[in-house]
Amino acid sequence: MLLPSIDVAPLAPVLGLRQDGDVGISSASDLLITVFGELMRPAGGSAWTQTLVAALGLLDVEDKAARQAISRLGAKGWMTSERVGRKSRWQLTEWATDLLVRGADRIYGLGADDHPWNGEWLVLLASVPETHRPLRSRLAVQLGWAGFGTLGQGVWVSPRVEREREAAAIVRDLDVEGAVLFRSAMTDIGSPLDVAERAWPPGPLACQYEAFLSQLDNPAILNDAATTRRLIELVDTWRRFPLIDPDLPRELRPADWPGDRAAREFAMRRSAWASSGADWWAAIERSFE
């Protein structure tokens, strides 16, 4: 099985974006990837088939659909399996583990970095002719995943200069001709905040954060199974935001940005529920030994 190289494997499968750029309702496979990242990888990266089925069962995924999702992701290179007696045990691949680690950094780190911005921009000049629409669309989607916004006419910007390697990998992977990537600082003409609002209009994203906040329930801990379900649902919802939020430095965000409140609420609930999730997972694993 030929897998993408670790250096350029896109985070979209972890973060929840389809190849057409749409963020839709989670499928059984989407939910299973969330289980991989939140429960399976922290526990060692392996699990019985029955454990994975039970985890999806918490989310009302039927047994048949759960097993199909397991087989599908196994075929795509997320896991390998081995027979242990009459049962199967699955192990995350190196490729999948790398995706999950990088995805976790982006998901859990969203809104958590308050380091002062030094005013430096990462600028990409990458113009794709109208006659190459599929390439233009793929470039736009993948740069969006990497946190870039467009100023038009093939000019892409990001204040996250540490994503230079990721941007370069995208350009090389798509074989975009004539692309130029460099770092730059603004002069006293123009406002960085105006640039940010042009590249990433804040209104639609603010509405999505407000909707997320309005749907949060009481963070009280229930029994392990119920709390694990809430944990998976919480992370599965939150993992979409890094795809649509470039995680701008505080200096480039509007005042009283709802994303800050949403990040605090997400972190508080995940921290409160994580141990129940780990306990539930460990108990289910033992029950199938």
Side-chain angles (χ1 to χ4, degrees), residues 4-24 99 102-103 105-107 109-111 113 117-208 240-254 257 259:
S5 70
I6 285 178
D7 282 344
V8 299
L11 287 177
V14 176
L15 299 178
L17 189 69
R18 298 202 297 265
Q19 287 297 320
D20 61 4
D22 185 36
V23 179
L99 275 179
R102 290 192 291 124
D105 289 343
R106 190 72 61 86
I107 293 165
L110 180 62
D113 182 8
W117 179 53
N118 68 1
E120 194 173 28
W121 295 87
L122 194 59
V123 182
L124 173 66
L125 306 182
S127 182
V128 179
E130 179 68 22
T131 53
H132 294 74
R133 279 191 181 180
L135 175 60
R136 176 184 290 186
S137 177
R138 290 180 65 197
L139 178 65
V141 169
Q142 293 200 28
L143 288 176
W145 295 342
F148 277 76
T150 181
L151 300 179
Q153 302 300 315
V155 180
W156 296 84
V157 296
S158 172
R160 299 292 183 183
V161 295
E162 68 274 12
R163 294 183 185 171
E164 177 181 346
R165 184 182 178 206
E166 187 175 355
I170 290 170
V171 171
R172 284 196 299 265
D173 185 47
L174 296 179
D175 196 21
V176 178
E177 296 183 358
V180 178
L181 181 64
F182 58 92
R183 300 187 183 197
S184 179
M186 294 180 64
T187 67
D188 57 357
I189 298 177
S191 161
L193 186 58
D194 288 344
V195 171
E197 290 185 352
R198 179 178 169 187
W200 304 277
L205 180 57
C207 289
Q208 294 201 44
R240 314 305 178 88
F241 280 106
L243 296 166
I244 55 178
D245 185 347
D247 197 16
L248 296 174
R250 185 171 297 278
E251 294 87 344
L252 300 177
R253 301 198 294 265
W257 179 238

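The figures that follow rest on heavy atoms only: side chains count, while hydrogens, waters and symmetry mates do not. Since the model is a prediction, treat every value here as computed from it, not as a measurement.
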Could you give the distance from [atom1] ([X]) to [atom2] ([Y]), rounded to the nearest 0.5 Å?
| X | Y | atom1 | atom2 | result |
| --- | --- | --- | --- | --- |
| Ile170 | Arg165 | CD1 | CZ | 12.5 Å |
| Leu122 | Phe182 | CG | CZ | 9.0 Å |
| Ser127 | His132 | OG | NE2 | 11.5 Å |
| Leu174 | Leu135 | CG | CG | 6.0 Å |

What pair of heavy atoms forms the shortest contact from [X] to [Y], and how long is it?
| X | Y | result |
| --- | --- | --- |
| Asp247 | Gly109 | OD2-O, 3.8 Å |
| Trp117 | Pro249 | CB-CB, 3.6 Å |
| Leu139 | Val128 | CD2-CG2, 3.8 Å |
| Trp121 | Pro192 | CZ2-O, 4.0 Å |
| Leu181 | Ala167 | CD2-CB, 4.3 Å |

*asked:* Between Leu248 and Pro159, is there a side-chain heavy-atom distance shorter than 4.5 Å?
replied: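 Touching, per the 4.5 Å side-chain cut-off.
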*Answer whether the closest heavy-atom distance between the side chains of Phe148 and Thr150 falls below 4.5 Å.*
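Phe148 does not reach Thr150 side chain to side chain.
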*Check side-chain contact (heavy atoms from CB on, under 4.5 Å) between Glu120 and all other residues, then give those that pass, not counting sequence neighbours.*
Asn118, Val161, Arg183
*Partner set under side-chain contact (heavy atoms from CB on, under 4.5 Å) for Val171, not counting sequence neighbours*: Leu124, Val176, Ala179
*asked:* I'd like to know if Glu166 pairs up with Arg106 as an ion pair, taking the criterion as any Lys NZ or Arg NE/NH1/NH2 lying under 4.0 Å from an Asp or Glu carboxylate oxygen.
replied: yes
*asked:* So for atom CD, which belongs to Gln153, do other residues, nucleotides or ligands contribute more than 12 heavy atoms lying within a distance under 6.0 Å?
replied: no
*Within a reach of under 6.0 Å around CD of Glu251, are more than 12 heavy atoms found that belong to other residues, nucleotides or ligands?*
yes
Identify all side-chain donor-acceptor contacts of residues 193-208 below 3.5 Å with residues at least two apart in sequence or on another chain.
residue, atom, partner, partner atom, Å
Arg198, NH2, Leu151, O, 2.8

